[in-house]
Amino acid sequence: MGKSASKQFNEEVLKAHNEYRQQHGVPPLKLCKKLNREAQQTLHRHGMEEYEEDGCGEGVSE
């Protein structure tokens, strides 16, 4: 079974971000499950859902 779309998206963004950081000689970042969970809970508390693709990029849906 494959990875969830959300997890795959997170890993792709992190990889691209770390490649950019490497070009500037700074250490890579790593995902923090706790921080991701807290951010998602904050979205829900404000009546928002998860990421939503609209063809123009990523955003949050209300």
Side-chain angles (χ1 to χ4, degrees):
M1 182 172 206
K3 296 178 184 175
S4 72
S6 179
K7 184 174 181 178
Q8 183 177 357
F9 172 77
N10 288 345
E11 290 175 359
E12 289 175 9
V13 169
L14 180 65
K15 181 180 180 219
H17 189 79
N18 281 335
E19 287 172 357
Y20 184 77
R21 290 176 63 86
Q22 185 179 21
Q23 293 173 9
H24 295 278
V26 294
L29 298 176
K30 61 181 181 175
L31 289 177
C32 175
K33 290 180 183 180
K34 180 181 177 188
L35 183 59
N36 283 348
R37 184 174 49 251
E38 290 175 3
Q40 190 64 54
Q41 289 170 349
T42 299
L43 285 174
H44 287 291
R45 279 196 301 273
H46 292 282
M48 298 177 180
E49 298 298 323
E50 294 188 14
Y51 296 113
E52 181 177 274
E53 269 191 74
D54 64 1
C56 296
E58 298 292 327
V60 291
S61 59
E62 298 185 52

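This one's a predicted model, so the numbers in the text were calculated from it and none came from an experiment. Only heavy atoms go into these numbers, but all of them, side chains included; no hydrogens, no water, no symmetry mates.
Lys30 meets the salt bridge (Lys or Arg N to Asp or Glu O under 4.0 Å) test with no other residue; sequence neighbours excluded. For Glu12, the salt bridge (Lys or Arg N to Asp or Glu O under 4.0 Å) test picks out no residue, with sequence neighbours left out. For the side chain to side chain donor-acceptor pair (under 3.5 Å) test, no residue two or more places apart in sequence or in another chain qualifies with Arg37.
The stretch residues 16-28 participates, sequence neighbours left out, in these salt bridge (Lys or Arg N to Asp or Glu O under 4.0 Å) pairs: Lys15-Glu19.
Note that CZ of Arg45 is 8.5 Å distant from CD of Glu38, once rounded to the nearest 0.5 Å. Here Lys34 contributes atom NZ and Asn36 contributes atom CG; the two are 12.5 Å apart, rounded to the nearest 0.5 Å.
Cluster note: Tyr20 groups with no other residue, as no ILVMFWY side-chain heavy atom lies under 4.5 Å from it. Residue Leu31 is found in a hydrophobic cluster whose other members, listed by chain and number, are Leu14, Leu29; membership requires side-chain heavy atoms under 4.5 Å apart, directly or through intermediates.
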